[in-house]
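Beneath this line is the structure, given in structure tokens, with notes to follow.
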Amino acid sequence: MTFDTFKKLIPKIKKMSVPGESSHFIMAPEIRARELNRIKIEDRNPRHAAVMMLFYPKEVTTHIALILRPEYEGVHSGQIALPGGKVEMHDLNYTETALRETHEEIGVPANSIEVLKPLTKVYIPPSNFWVHPFLGYTQNRPDFVLQKEEVAKVIEVSLSDLLDDTNVTSQTLSTSYAKNIEVPSFKLNGYTVWGATAMMLSELKMFLKMSMQ
């Protein structure tokens with residue numbers, strides 16, 4: 001999809017309702033879906049985080065920025081994610097968190113991003129976080145500056161690849177909560193994208209396809 005075509009969708013994107021939680025479960029392992037239906041999340045006193053689904057032009061086509069987390073001692077080590085992070089006390093709202101973290105992690109200034117709308121929050125049981133995703137875009141391809149402690153690499157995925165159903169697959173993975181389970185995933189730029197990031201991208205994919213109808 002060209003970036004001009006994407007921009008023509010923006011008025012419709014701003015007005016449309018998002019698909020909601022049901023779109024997440026398309027890319028959720030069965031064991032996680034059962035757990036999310038069973039637990040009372042608010043009783044766990046979850047923390048909050050926000051991420052940015054950032055679109056921009058690259059050689060006239062629309063791309064989204066994903067990040068590769070570095071290897072470290074933690075539940076999200078080496079995973080593909082969206083730029084973002086936890087809410088800080090000085091953040092006025094979740095939008096500000098997403099903008100601040102995007103600037104800190106990949107160097108995109110907040111004033112260069114137009115935030116279009118929030119999507120549906122996702123709960124991550126292993127880290128006990130509610131994650132609030134936002135859809136935004138920049139007019140130009142960013143000059144990415146990586147926060148090395150948090151980001152090993154920016155992965156620039158074309159929107160056409162995200163929307164391509166043939167890039168949805170299933171992998172046998174060992175996660176923080178189960179061993180050798182079938183996990184729905186996206187195959188993007190040679191990387192396997194699963195878990196909460198895949199769940200959020202699932203809603204984004206469904207939402208964008210609705211906007212194109």
Side-chain angles (χ1 to χ4, degrees), residues 27-29 32 47-59 61-88 91 94 97-110 112-113 119 122 124-138 140-162 164 167-179 181 183-202 204-205:
M27 299 300 290
R32 173 168 284 191
R47 296 174 291 172
H48 291 264
V51 298
M52 183 63 68
M53 298 170 163
L54 181 65
F55 288 96
Y56 57 91
K58 180 183 178 185
E59 298 172 353
T61 62
T62 309
H63 283 66
I64 183 173
L66 303 181
I67 60 173
L68 173 64
R69 293 290 184 198
E71 300 288 339
Y72 66 99
E73 292 295 327
V75 294
H76 302 303
S77 172
Q79 291 184 9
I80 309 300
L82 291 153
K86 66 181 180 180
V87 173
E88 302 289 354
D91 292 337
Y94 298 130
T97 301
L99 289 167
R100 174 184 56 75
E101 285 282 345
T102 300
H103 185 211
E104 291 176 3
E105 290 198 333
I106 60 174
V108 184
S112 72
I113 300 173
L119 275 72
V122 173
I124 305 179
S127 55
N128 193 32
F129 266 102
W130 273 120
V131 179
H132 303 260
F134 290 85
L135 173 57
Y137 75 99
T138 62
N140 301 292
R141 181 173 179 253
D143 293 321
F144 295 113
V145 180
L146 308 190
Q147 185 181 27
K148 296 296 186 182
E149 299 82 6
E150 300 288 340
V151 181
K153 182 180 181 180
V154 172
I155 301 166
E156 300 182 83
V157 176
S158 74
L159 179 53
S160 297
D161 283 347
L162 176 64
D164 186 348
N167 288 326
V168 176
T169 183
S170 182
Q171 300 279 329
T172 301
L173 299 172
S174 293
T175 73
S176 60
Y177 52 86
K179 300 293 184 184
I181 60 170
V183 178
S185 57
F186 291 99
K187 203 71 175 179
L188 300 170
N189 293 29
Y191 293 93
T192 300
V193 184
W194 59 281
T197 301
M199 292 165 71
M200 289 183 277
L201 290 178
S202 177
L204 176 64
K205 176 183 173 181

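All values below were derived from every heavy atom in this structure, side-chain atoms included, with hydrogens, water molecules and symmetry-related copies excluded.
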If we only count heavy atoms from C-beta on, is the I67 to I155 side-chain gap below 4.5 Å? no
So do the side chains of L159 and H63 get within less than 4.5 Å of each other, counting heavy atoms only? no
Would you please test F186 and T192 for side-chain contact (heavy atoms from CB on, under 4.5 Å) and show each step? CA-CA 6 Å; F186 291 99; T192 300; over 6 Å; no
How about L82 and L66: do any of their side-chain heavy atoms sit closer than 4.5 Å? yes
Smallest heavy-atom separation, A98 atom then A50 atom, equals N-CB, 3.7 Å
Nearest 0.5 Å, what's the CE-OG distance between M27 and S170? 8.5 Å
Looking only at atom types and distance, does a side-chain atom of D161 sit under 3.5 Å from a main-chain N or O of N167, one as donor and one as acceptor? no
Atom NZ of K58 with >12 non-hydrogen neighbours under 6.0 angstrom: yes
Check the surroundings of atom CD in E59: do more than 12 heavy atoms from other residues, nucleotides or ligands lie under 6.0 Å from it? no
Taking every non-hydrogen atom, the tightest pair across G107 and P109: O-CD, 3.4 Å
Under the rule for side chain to side chain donor-acceptor pair (under 3.5 Å), what residues qualify as partners of T138, not counting sequence neighbours? none
Separation of L204 CG from T197 OG1 (nearest 0.5 Å): 12.0 Å
Nearest 0.5 Å please: distance from the CG atom of L146 over to the CG atom of L68. 10.0 Å
Side chain proximity check, K153 to V151, heavy atoms < 4.5 angstrom: no
When every non-hydrogen atom of P83 is compared with those of A65, the smallest separation belongs to CD-O, 3.5 Å
Under the criterion side-chain contact (heavy atoms from CB on, under 4.5 Å), I'd like the reasoning laid out for T97 against H132: C-alpha separation, chi angles, the key distance, then a yes or no. CA-CA 9 Å; T97 301; H132 303 260; over 6 Å; no
Please examine the side chains of W130 and R47, heavy atoms only from C-beta on, and report whether any two atoms are closer than 4.5 Å. no
Can you sort out the partners of N128 under side chain to side chain donor-acceptor pair (under 3.5 Å), two or more places apart, ordered by chain and number? Y123
Spatial distance of atom CD1 (I64) from atom CG (L188) [nearest 0.5 Å]: 9.5 Å
Under 6.0 Å between ring centres, would you say that holds for Y94 and H48? yes
Could you walk me through whether F134 and V51 satisfy the side-chain contact (heavy atoms from CB on, under 4.5 Å) test, starting with their C-alpha distance in whole Å, then the side-chain angles of each, then the deciding distance to 0.1 Å, before giving a yes or no? CA-CA 6 Å; F134 290 85; V51 298; over 6 Å; no
If I take atom CG from residue L201 and atom OG from residue S185, how far apart are they, to the nearest 0.5 angstrom? 11.5 Å
Enter the distance from M52:CE to I113:CD1 here, rounded to the nearest 0.5 Å. 5.0 Å
Here the side chain to side chain donor-acceptor pair (under 3.5 Å) pairs for residues 99-110, sequence neighbours left out, are R69-E105, D91-R100, R100-E104
Walk me through it: do I124 and V131 pass the test side-chain contact (heavy atoms from CB on, under 4.5 Å)? CA-CA 8 Å; I124 305 179; V131 179; 3.5 Å; yes
Side-chain heavy-atom pair W194, M199 within 4.5 angstrom cut-off: no
